[in-house]
Amino acid sequence: MHPYLEAVKHTWRLYKRNKVSVAGLILIIFFVAVGIFGPLIAPYNVFETSTDALSPPSMKHLMGTDDIGRDTFSGVMHGASISLMVGVISAFIALIVGILLGAVSGYYGGKVDEALMRIADFFVVIPTTLLLIVIAAIFGPKLLMTAFIIGVLSFRITARVVRAEFLSWKEREFVESARLSGMSEWRIMLMEVLPNIMPLVIASATLQVAASMVFEASISFLGLGDPEFQSLGYMLYRSQLIYIRAWWTAAFPGLMLFLGALGINVAGEGLNEALNPRLRGR
Amino acid sequence: MTEWLLEVRGLKKYYPLSTGLHIGGHREFVKAVDGVSFNVREGEVLSLVGESGCGKTTTGKVVVGLYEPSEGNIFFRGEDASPLAGRVPRRERQMVFQDPTAALNPRKTIFDSLNRPFRAQLKRDASNEEMHQLMEDVGLVPPEYFLHKYPHELSGGQKQRVVVAQAIALKPSFVVADEPVSSLDLSIRGQILNLLKDLQRKFNLSILFITHDLAVARHVSDRVAIMYLGKIVELADSEEFFTNVMHPYAQALLGAALKADPKANRMTEYKPLVGDVPSPINPPSGCRFRARCPAAGVKCNKGELEPELVEFRPGHYVACHICA
Amino acid sequence: MAVEELLAARGLRIYYHTMTGVVKAVDGVDLKIHRGETVGLLGESGCGKSTLGLSILRLLPSPPAKITGEVLLEGVNLATLSPDEMRKVRGRQVTMIFQDPATYLNPVLKIKDQMAEMLGPQISGKDTNVEIGRSLDMVGLRRSVMASYPHQLSGGMKQRVLIAMAIMSNPLLMIADEPTTALDVTIQAQILNLLEEIIRKTGISVLLVTHDWVVVSKIAQKVYVMYAGKMVEHGETRSVYERPLHPYTNGLMNCVLDVNRKIARVPSIEGYPPNLANPPSGCRFHPRCKMAIDKCRTEEPPWIEAENGRFVACWRVT
């Protein structure tokens, strides 16, 4: 059987053992389900106002309404998918940048490695939130821009994982054997080493999704969210003015966001744990 | 044309102690190989024997073309054999690695791993006949059973056969075998050793056989070279070496090879060498072996000249002041 | 002539319950070590010898390992001891040294601190240093080693430190798991000579777990041969060497190369060691045995005393 399938089966068995991680996985599935199907089952248009402003949860509005009569439940359904989209886009960007930089750094080592790591360190120092604020202030809040910037600024974690993996895998004899076969360095990196590294990288990227979601929520909460898209964070922002009178406008979006991030974090950690001991046992 | 397939002259391989960006300061080197010269004929098996840190593996990797030498020259069929020169085709020089688990990509099938040299150098897939013949050559039959398997599904001995197959896939002239049986169980070693000998005869391969085990060396070599701290201290035809071993270090290695007979082990009073194997970072001046040599004399001392390889008997070279 | 039995294992079974099935690492093994004896436990990779050695000191993680059977130390069944009692046995009455000394020494502690830890709280201060110095003397190390860190010592020196730590408490039994395998040939000879000397001076009993017949033949009076989780032969080392009874022992000893004699075809045993999650039926060696008969394929041979002091598990012998 293909090692990937074997590895997946084996990893799943290890993963299952940690009940907390499995709970996290359930949360993710729930959140993703909401993210995908939410907009379909939302009874009202997110932007649709009504005269039922600030009404508490009822049969008509399951999670109540906000100050201009918009349905909170629909907002949450919709917002979940927005937050998820941001998380996934930025994690994907972080993944690509991280893999590229980590691969070059780890594989070539030496001065190239040192130089790239210094650059990466520089990126850590940049206060992400502040930069996002500044950019939003200049260009106006744009969801995709936000997602993109979060991704670019977050590459370091993935890069670090990828670099460490490359550093360790490149010393193995099968890489030397590949050189003796006549393969070029690039092909060796891509076709021989990378497939062995992907599982851990994916685990790291999973955690990045949650981190990005929370980042975006923080920006929106500060008022720099994109009103066109109404993410969960944006809903929290709007609720600031009214939550004392209408707790549901903050509680439900907040809870949804919390569950999503929590689930991803817990599941991602569990995945890391499940993958790590197996990989470390060489 | 020269009678030698491979000529190595004054080979040195130094590794700087720390990498990265440096501003000034004193650089120290690990002198893994510190001036090694030898030749190998076509169809000959030369063993390179020594303990850890002597530089035998590094020598092998430089000679096979994986690393550039720091100094010295390597000639293959008279051509400059350094990797940068690019004059020797990749297929001519290959390697059999020590640990078969590390030498095979865990995510590739046996077929993919063996196909690699064909795709990389011949720009095509191996044909069915070529693949089957290769598997038969290394004793992995029936081929269909093994080709679609992954390394973790094979035993140690089977994996090592795959490693050998990788090396001979494109019919090289020269193979460096780096401790090919050291990580295998005792009962399996003979299988691989006999396989290598059979392949050597069948394809008239030249083999540089790297090992720390003199008994293994005796059973496979035409000639033997003993290394210590980056230099060759003795070099001779195999039978000549084992009958008339001369260098004190080589004698110690031979003496340390224990016997299987418990009675024999109790009767021979073997005095082991004192001290530890020194580090290749700062080898002792004068003769490198003097600190542990039971026969060291004044000429061997610090500050004196290092002994050179001198022909003491026909074809039998020793680097030792005392033997002179 | 009845020398006292120090350690006796009876019907020892060590099964690992893994996600892919039950691995029968050790499957019904009897073993005896008498006082003052050095006993070799010989076998190739995966035969269960290291597992057996570790199980005596209950150093196997269980679960997943499940241990049944008896291990009697001076008549006391170690399996019945509480973790605290077992801790008192470990490191005091029974000690262990391993293949790679580097992994068993704490890189951030000085040697003397690590050795002091082994001595425990009973001794302190000046007495500690005296004890440590004495042990270092016994293994041929200079006292200055006390103040060193592990990375400053060579492989041979580190192994000497481990041996010193193992004999400090005057234990009854030392288990040595491949003590010289990772060492260079010339250093190996030094360490074996050292072990011989220490055994002579202290009268300690030793269980030498190894794949290397020549090491066994150098220092062990008796030997047990294991294959695929089962004991296949036992006897005095000389006797087993001169006349091996079990086909595996015979085949294995043929594989030991003599540097003084070249033979044309290097001997080996056909086939490969079996998968312990799914071992062959009957005698586990039968797929590779040139002397196998029908009975060997279906019934497991019993472990019996074929001659005085010689035990074997083989249908062709009995």
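Sequence lines set the chain letters: A, B, ... in the order given, protein chains first and strands last, and positions in each chain run from 1. For clarity, every value in this text was computed on a predicted model and none was experimentally measured.
A salt bridge links Lys56(B) to Glu179(B): at least one charged side-chain nitrogen sits closer than 4.0 Å to a carboxylate oxygen. Residues Glu233(C) and Arg310(C) are paired through a salt bridge, judged by an N-O separation under 4.0 Å between the basic side chain and the carboxylate. Ion pairing of Asp198(B) with Arg265(C) is present here, as a side-chain N (NZ or NE/NH1/NH2) and a carboxylate O approach within less than 4.0 Å. Ionic pairing of Glu196(C) and Arg200(C) is not present here: no N-O contact between side-chain nitrogen and carboxylate oxygen is shorter than 4.0 angstrom.
Both the backbone and the side chain of Ile263(C) have a heavy atom closer than 4.5 Å to some heavy atom of chain B. Using a 4.5 Å cut-off between heavy atoms, Arg261(C) contacts chain B through its backbone alone, with no side-chain atom that close. Proximity to chain C is limited to the backbone of Val274(B), based on heavy atoms less than 4.5 angstrom apart. Neither the backbone nor the side chain of Asn254(C) has a heavy atom closer than 4.5 Å to any heavy atom of chain B. Heavy atoms of Ser182(B) lying under 4.5 Å from chain C are absent altogether. Using a 4.5 Å cut-off between heavy atoms, Leu214(B) contacts chain C through both its backbone and its side chain.
For the pair Arg189(B) (side chain) and Val266(C) (backbone), a donor-acceptor distance under 3.5 Å is absent. Side-chain N or O atoms of His246(C) include one that pairs as donor or acceptor with a backbone N or O of Ala313(C) at under 3.5 Å.
Figure legend: cation-pi geometry between Lys149(B) and Tyr145(B), with NZ or CZ positioned under 6.0 Å from the six-membered ring centre and within 45° of its axis.
Note: Asn194(B) leads Val216(B), Leu193(B), Asp276(B), Asn194(B) in heavy-atom pairs under 4.5 Å with chain C. Contact count against chain B (heavy-atom pairs under 4.5 Å) is highest for Ile187(C) among Leu192(C), Asn275(C), Ile187(C), Asp258(C). Across Asp212(C), Leu183(C), Val215(C), Asn260(C), the residue that shares the most heavy-atom pairs under 4.5 angstrom with chain B is Asn260(C). Of the residues considered (Lys197(B), Gln158(B), Glu239(B), Arg292(B)), Gln158(B) shows the highest number of contacts with chain C, using heavy-atom pairs under 4.5 Å. Heavy-atom pairs under 4.5 Å with chain C were tallied for Ala257(B), Ser52(B), Gly50(B); the largest tally goes to Ser52(B).
Contact between Leu195(B) and Asp137(B) at its shortest, heavy atoms only, is CD1-O, 3.4 Å.
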